[in-house]
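Here's the structure we're looking at; comments come further down.
Numbering of residues begins at 1 and proceeds along the displayed sequence. This one's a predicted model, so the numbers in the text were calculated from it and none came from an experiment.
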Amino acid sequence: MKKKFNPKKLDIKSNYHLMISGIVPRPIAFVSSISLNGEINLAPYSFFNGFGANPPIVGFSPALSGRTGKPKDTLLNIQDTKEFTISIANSAMVGQVSLSSCEYDRSIDEFDITGLTKQKSDLVKPPYVSESAFVMECKLHDIIYLGNKPASGNLILGEIVMFHISDKILDSNNSVDPYLLDAISRLGGSWYSKSKEGLFEFKKPRHNGIGFNAIPKKILNSKIITANDLSQLCSVDKRPDLNQKIYQKHVKDSDHDLELVCKKYINDKSIDHAWTIISILEER
Ligand SMILES: Cc1cc2nc3c(=O)[nH]c(=O)nc-3n(C[C@H](O)[C@H](O)[C@H](O)COP(=O)(O)O)c2cc1C
């Protein structure tokens with residue numbers, strides 16, 4: 001059973017906590033911006049993502065303070081000077097990310113507070129975090145104001161005008177090695193995660209898979225063959241023909257044993273063999 005929560009009946013804090021606990025993990029943008037007077041700012045934002053590649057657009061949302069309703073320095077600076085940089089936070093700087101999120105006065109430079117190194121940008125005025133291996137220089141595309149009450153969001157969309165990526169994390173094809181990037185992300189409460197510790201590969205089918213509709217009902221309810229196993233079975237573009245050898249070998253096995261055999265074939269990537277086992281089960 002699922003418990004329902006109607007956001008219209010909850011207070012701001014509860015909605016916020018549900019959002020940050022369930023929309024996870026969120027990447028962390030370490031955003032640097034500059035005021036009209038040249039005061040530099042650095043703060044982390046995890047309501048952050050990429051939204052298109054042509055043009056390359058990133059977005060993040062500095063909300064109005066949940067307590068005071070006041071705009072954050074990052075929002076004020078970007079409204080005024082229309083430029084920013086995003087440095088991707090890694091696990092070596094989590095303490096500095098956290099420290100920089102304290103409410104320092106607008107005149108305070110969080111690079112000084114955190115001891116992080118300023119690196120001059122090529123095309124925008126705000127510097128970036130030298131210790132980050134993946135950096136984007138951005139020019140303001142648009143700000144979408146999502147309300148004018150405490151905790152209302154302000155979605156800042158920026159066009160990436162320059163990437164700076166450490167050659168230490170790039171392979172010979174200029175692909176980023178996710179282990180070396182060592183990005184961190186944010187979850188609910190004070191939880192963070194190290195993305196490199198949870199990495200696994202799962203390849204998308206090369207064609208449109210036949211889908212779960214093609215799986216016999218009996219197998220859908222299996223306690224042994226999981227949804228992830230079934231996803232691999234129905235990633236084929238058509239149901240394969242029976243493999244007579246496999247058929248003869250297993251035709252007398254019990255249903256339970258057949259399910260175990262089927263799972264083993266799936267794990268061994270012998271999807272055609274797995275389908276032959278499904279056919280035996282289906283015939284019973
Ligand atoms: C990891 C992390 C992620 C955060 N993400 C957001 C966010 O997406 N939106 C937001 O308004 N505040 C977020 N905050 C809080 C801001 O960083 C904090 O309010 C900060 O003081 C804003 O600084 P500024 O006024 O210099 O822009 C986050 C804090 C941390 C530690």
Side-chain angles (χ1 to χ4, degrees), residues 1-4 18-27 46 48-54 88 90-91 134 169-188 191-284:
M1 211 185 83
K2 289 198 172 63
K3 215 166 160 180
K4 294 179 204 265
L18 285 179
M19 287 178 78
I20 65 163
S21 312
I23 306 170
V24 294
R26 298 183 305 284
S46 69
F48 156 56
N49 225 304
F51 292 99
N54 185 19
I88 297 296
N90 60 45
S91 75
F134 193 111
I169 70 160
L170 290 173
D171 67 15
S172 51
N173 300 318
N174 281 341
S175 293
V176 171
D177 181 322
Y179 286 95
L180 298 175
L181 177 64
D182 191 19
I184 48 170
S185 51
R186 191 82 200 269
L187 296 90
W191 290 99
Y192 288 82
S193 98
K194 294 181 186 176
S195 55
K196 74 174 177 187
E197 288 179 7
L199 286 174
F200 62 93
E201 262 196 310
F202 200 93
K203 294 225 158 75
K204 178 183 162 178
R206 286 207 192 86
H207 37 249
N208 283 351
I210 54 180
F212 272 57
N213 296 346
I215 308 270
K217 241 208 171 89
K218 185 172 171 184
I219 317 295
L220 284 178
N221 298 329
S222 166
K223 298 259 178 319
I224 294 168
I225 305 170
T226 64
N228 280 336
D229 297 329
L230 293 173
S231 306
Q232 295 178 67
L233 270 181
C234 49
S235 292
V236 293
D237 56 351
K238 65 176 182 9
R239 203 170 152 159
D241 294 335
L242 282 187
N243 179 312
Q244 289 305 334
K245 229 167 124 186
I246 298 296
Y247 190 91
Q248 295 311 330
K249 193 169 155 198
H250 293 294
V251 69
K252 294 216 168 68
D253 291 352
S254 71
D255 280 12
H256 179 263
D257 286 351
L258 282 176
E259 289 190 20
L260 288 172
V261 171
C262 180
K263 189 178 177 75
K264 177 148 191 345
Y265 281 137
I266 294 170
N267 291 344
D268 294 345
K269 307 281 174 239
S270 300
I271 302 299
D272 289 10
H273 293 186
W275 269 109
T276 296
I277 305 295
I278 297 287
S279 301
I280 304 174
L281 280 161
E282 200 175 19
E283 280 168 9
R284 293 192 173 164

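Although no hydrogens or angles enter the test, the distance criterion places a donor-acceptor pair under 3.5 Å between the side chain of D229 and the main chain of T226.
Taking 4.5 Å as the limit, every side-chain heavy atom of R26 sits out of range of all side-chain heavy atoms of N49. Side chains of L170 and D177 form no contact here, defined as non-hydrogen atoms less than 4.5 Å apart. By the 4.5 Å heavy-atom criterion applied to side chains, K203 and S235 are not counted as neighbours. Side-chain contact between D255 and K218 is present, with at least one heavy-atom pair separated by less than 4.5 Å. Here the side chains of E282 and I280 are not in contact, with every heavy-atom distance at 4.5 Å or above. No side-chain heavy atom of I210 sits less than 4.5 Å from a side-chain heavy atom of D237. Contact check for K4 versus K2: no side-chain heavy atoms found under the 4.5 Å cut-off. Counting heavy atoms from C-beta on, the side chains of Y265 and I246 come closer than 4.5 Å.
Dense packing is recorded around CG of D171, with more than 12 heavy atoms of other residues, nucleotides or ligands lying under 6.0 Å away. Shown here is R206, whose CZ atom has no more than 12 heavy atoms of other residues, nucleotides or ligands within 6.0 Å. Surrounding CG of D268 are more than 12 heavy atoms belonging to other residues, nucleotides or ligands, all under 6.0 Å away. Counting heavy atoms of neighbouring residues, nucleotides and ligands inside a 6.0 Å radius, atom NZ of K194 does not exceed 12 of them.
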Self-check item: Derivation of the side chain to side chain contact (heavy atoms under 4.5 Å, CB included) call for H256 and I224
Solution: CA-CA 8 Å; H256 179 263; I224 294 168; 3.6 Å; yes
Practice problem: Give the C-alpha distance, both sets of side-chain angles, the deciding distance and a yes or no for side-chain hydrogen bond (donor to acceptor under 3.5 Å, both in side chains) between N228 and S231. | Solution: CA-CA 5 Å; N228 280 336; S231 306; 4.7 Å; no
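Put simply, CG on L187 and CD1 on I20 are 9.0 Å apart, with the number rounded to the nearest 0.5 Å. For the atom pair CG (D182) and CZ (F134), the distance works out to 14.5 Å, reported to the nearest 0.5 Å. To the nearest 0.5 Å, the span separating CG on L242 from CD1 on I278 amounts to 11.5 Å. Within the model, atoms CD1 of I215 and CZ of R239 stand 8.0 Å from one another, a figure rounded to the nearest 0.5 Å. In this structure, CD1 in I219 is found 12.0 Å from SG in C234, a value given to the nearest 0.5 Å. Annotation: the span from D253 atom CG to C262 atom SG amounts to 12.0 Å, rounded to 0.5 Å.
Scanning both residues, P178 and L199, for their nearest heavy atoms gives CB-CD1, 3.7 Å.
Under 3.5 Å, the side chains of N243 and T276 contain no donor-acceptor pair of N or O atoms.
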